[in-house]
Amino acid sequence: MEMSHGSGQTLNDKNAMASRIARFFQPGDAVNLGIGAPLLVADYMDPDVLVHTENGCLGVGKNTSRTDPTVSPNMSLESFANAGGMPFFPIPGAMVFDHATSYAIIRGGKLKGTVLGAFEVSETGDLANWFMPGNFAGMGGAMDLCMSKMVIVQTTHCTKKGAPKLIHKCTLPLTCKGLLTHVVTERAVFEFIDHKLVLKEIREGYDLDNIKNNTEADFTVADDLKTDVVY
Amino acid sequence: MEMSHGSGQTLNDKNAMASRIARFFQPGDAVNLGIGAPLLVADYMDPDVLVHTENGCLGVGKNTSRTDPTVSPNMSLESFANAGGMPFFPIPGAMVFDHATSYAIIRGGKLKGTVLGAFEVSETGDLANWFMPGNFAGMGGAMDLCMSKMVIVQTTHCTKKGAPKLIHKCTLPLTCKGLLTHVVTERAVFEFIDHKLVLKEIREGYDLDNIKNNTEADFTVADDLKTDVVY
Amino acid sequence: MLKNKLASKDEIISKFFDGMTLMVGGFACTGVPRALVDLVLESGVKDIKLISNDAGDPDICQGRLYHAGVVAECWHSHVGLNPEFGELAKDGKFTLHITPQGTLVEKIRCGGIGAGGILLRTGMNTDTDMEKEREKITVNGEEWFIETPLHADVALVRARRADYFGNLTYRGNMANYNPIMAMAADCTIVEADHICDIEEIQMDTVKTPGIFVDMVYNTQKLYV
Amino acid sequence: MLKNKLASKDEIISKFFDGMTLMVGGFACTGVPRALVDLVLESGVKDIKLISNDAGDPDICQGRLYHAGVVAECWHSHVGLNPEFGELAKDGKFTLHITPQGTLVEKIRCGGIGAGGILLRTGMNTDTDMEKEREKITVNGEEWFIETPLHADVALVRARRADYFGNLTYRGNMANYNPIMAMAADCTIVEADHICDIEEIQMDTVKTPGIFVDMVYNTQKLYV
């Protein structure tokens, strides 16, 4: 589904979610972006938001590639690669550090937020995103990252088969229990308040009925619900 | 008491003990020397023994002073000062590190040995060296340093009043329980073997009767006891 | 653009408050943020909970806080440098938690990295107050102390070089507690011998990433 | 004179043995000591207990050890990079201890610093195998996992620069686990992109002090 964007561009759903999530962050905030679709958030954020990659850099800049002729042939690329293995240029003043320090930043509460994908989200703020039968990769840093101040899930509202991803209770092994703060889908923005799911925004092109019909999780509607939100 | 030294020099007791202790260490060993008399050990060791200071350097070289005209006036001296506050020159290739790393070296077992002073030593390898009524300074790093491979006490055999320092059981608060490996006094060298005190060497000028009469702690005499040892 | 964290004397003093837990980096007279200690004294705050390696030289380091009578509780590994300390302690002016040095630095690190404690055995079976104050646990057949975290409201850190964002390097053995304390406070304030632009400090040489730093004391004119 | 730790292929291979616990630094394909992994394969040792962030690329990194069938037990935070891993795991070729990444690195650090464990809450209340395998403890009213140490017989470490004594620097984010693993083994072996004389690496920039290093793989002609 492609929606009209404030700037006149149209954004596909992945980019649209990234665009909306980017607005949670202010210049100077430090943010970790999960592998895959969450990495797109970087394209929409204020350039002064600092991007953290758990394998040892805060201040991840533009992505590059191993065949970019403007960078040296291999070593510098091996020295700067994000958690998904994509080479990048560090920004001026970027910080690099070992893994113990990287997770000190995470657990120590220095990240304003983390953006993660999801298999399942529960109505009480649980997340399942690392283990699915036949798709076992390990939790990597996801369980640690859920200790950030804002833990934002970026996910399609439903699975490819049309089943809701926001459900009463996760059936898969959890990544965290009750630590989520926000869920952003291509249709709506939810916030967890006292471990209860609250609908805060509906994107333009969708209405409350659509959200209700496609969400198994119990949720309340915020008094200040915004509708027709342009991602 | 001044004794004749192998090289023809005479050494006072403090220097004599330092000279004997220095022979425990081989080139390449890393050794921490306690504040005070143990620092003299550095003057007698093979120059390739590495000296550790717990405030962040391995490779402590020659001492200097704040008035040495060959060094810069203040900052470089503040940057290189041992645990006793004495400025030093680092050796070529010296390592500097923060306190967490310094104690990782200590507890992690990377020191071959540590040399400590003593108020009291028990016959089972306990040490008391940090608290005396009217002389409360704190244990500093001494409790940690007792986790080195060799924990060597350098002490006068008796107190100034002539009372033995090697006793049945310490009366002062302990620095460690049963972790001592060696005791070197100006009269003798002892080793703890299975938490039992064993007399290994008697320095020239002393005899077994002198040691027995001035040691409260129970000890056995090594089968290979060396006598007339030149410190 | 990375945030410019250079702060004036008044901005720094505004972060201090009565009863605050304060970490002060340094070991004896090496690597102590002396000018920042001056600002604590100037602020007039009292009832400070002080965490530092030692009780400090009474003339030039954090020992001045004892002299001024503004310390209510303290964690140190060594107090022998400060001749006033013993007298004040006898008078019950403050509560002292004497802590082995390697244990003290790991307790601070736990406060920084979000750990609930660390298991160490320094001081085991010494039957000292240090031992009696601690809970023990047996793990895999061995006995350990549960060393609980220390975290501060404000940490005062001394660096050799700082860029305006707070990326730090140290020199020689003046690092000591500074990089660990920098991680373990709500507000970390840095005093640096040299203040410079970003990228003047090559990134691989930085020991404290600027994310841990909140303010850099602007003691020099910085030409940016 | 500091000890010259430059070691040949054969000297390094002599340190490997069947059943050894082996740490391999790196994250995905960044900062992995690939040439040292080659030597493990060449040595023919088997039943390795492997500790590394991930199961490794099967062609160029520690994933080759799985391909060769020489891993008996393993600790990783992520195994998705290695397409062979799932099949081998299903066949029961080895025992996997899947561990959150920040927890894995702290367990390794405990092994290096002589701690009995650290209290973390990563993964708390997830009711996963990760949680079930751990003991819990309540400290100051909060629940924590007791994360026990990991220590290795041999650690393979990749550095950007090494002097012949083993003082190390890293570049960018190739440091990752390498400085932590360097502390946590009986025998730490380094593969460096550049090998140099002592004092060529300015001391304040060293991230791994050479005291933690036992051997530096002599892959270059060193002119000293």
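From a predicted model like this one, the values you see are computed outputs, not experimental measurements. Letters A, B, ... mirror the listed sequences (proteins, then strands); counts begin at 1.
- Among Asn55(B), Asn82(B), Leu127(B), the residue with the largest count of heavy-atom pairs under 4.5 Å with chain C is Asn55(B).
- Met147(B) touches chain C through its side chain: at least one heavy atom from C-beta onward sits under 4.5 Å away, while N, CA, C and O do not.
- Within residues 156-185 of chain B, the residues having any heavy atom closer than 4.5 Å to a heavy atom of chain C are Pro173(B), Leu174(B), Thr175(B), Cys176(B), Lys177(B), listed by residue number.
- Interface residues of residues 112-120 of chain B toward chain C, defined by a heavy-atom distance below 4.5 Å: none.
- Taking a 6.0 Å sphere around CD of Glu133(C), one finds it holds more than 12 heavy atoms contributed by other residues, nucleotides or ligands.
- Between Thr126(C) atom OG1 and Phe131(B) atom CZ the span is 12.5 Å, to the nearest 0.5 Å.
- For His67(C), the NE2 atom counts as loosely surrounded, since its 6.0 Å shell holds 12 or fewer non-hydrogen atoms of other residues, nucleotides or ligands.
- Neither the backbone nor the side chain of Asp127(C) comes within contact range of chain B; no heavy atom of the residue lies under 4.5 Å from a heavy atom of that chain.
- Contacts between Met130(C) and chain B at a heavy-atom distance below 4.5 Å involve the side chain alone, from C-beta outward.
- Nearest heavy atom pair, residue Met174(C) against residue Ser79(B), reads SD-OG, 3.6 Å.
- For the pair Thr128(C) and Met143(B), the minimum side-chain heavy-atom distance is below 4.5 Å.
- Heavy atoms closer than 4.5 Å to chain B are found in the side chain of Pro179(C), but not in its backbone.
- In this structure, the portion of Leu96(C) lying under 4.5 Å from any heavy atom of chain B is its side chain and not its backbone.
- By the 4.5 Å heavy-atom criterion applied to side chains, Thr30(C) and Phe80(B) are not counted as neighbours.
- For a residue to count as touching a neighbouring chain, one of its non-hydrogen atoms must lie under 4.5 Å from one of that chain's; by this rule Thr103(C) touches chain B with backbone and side chain alike.
- No more than 12 heavy-atom neighbours from other residues, nucleotides or ligands sit within 6.0 angstrom of CG on Asp194(B).
- Ranking Ala175(C), Gly80(C), Ala89(C), Ala28(C) against chain B, the residue ahead of the rest is Gly80(C), based on heavy-atom pairs under 4.5 Å.
- Checked against side-chain hydrogen bond (donor to acceptor under 3.5 Å, both in side chains), Asp57(C) has no partners two or more places apart in sequence or in another chain.
- Looking at heavy atoms from C-beta onward, Asn173(C) lies out of side-chain contact with Phe97(B) at the 4.5 angstrom threshold.
- Annotation for Gly31(C) and Glu78(B): closest pair N-OE2, 3.1 Å, computed over non-hydrogen atoms.
- Among pairs with a residue in residues 85-103 of chain B, those fulfilling side-chain hydrogen bond (donor to acceptor under 3.5 Å, both in side chains) read His52(B)-Ser102(B), Asp98(B)-Thr101(B), His99(B)-Gln101(C), Tyr103(B)-Gln101(C), at least two apart in sequence or across chains.
- The shortest heavy-atom contact between Ala100(B) and Glu106(C) is CB-OE2, 4.0 Å.
- Between Leu120(C) and Arg107(B) there is a side-chain heavy-atom pair separated by less than 4.5 Å.
- If you measure heavy-atom distances from Ala94(B) to chain C, you find no contacts under 4.5 Å at all.
- For Phe27(C), the part lying under 4.5 angstrom from a heavy atom of chain B is the side chain only.
- Contact tally against chain C (heavy-atom pairs below 4.5 Å) for Ile106(B), Asp144(B), Leu145(B): the top residue is Asp144(B).
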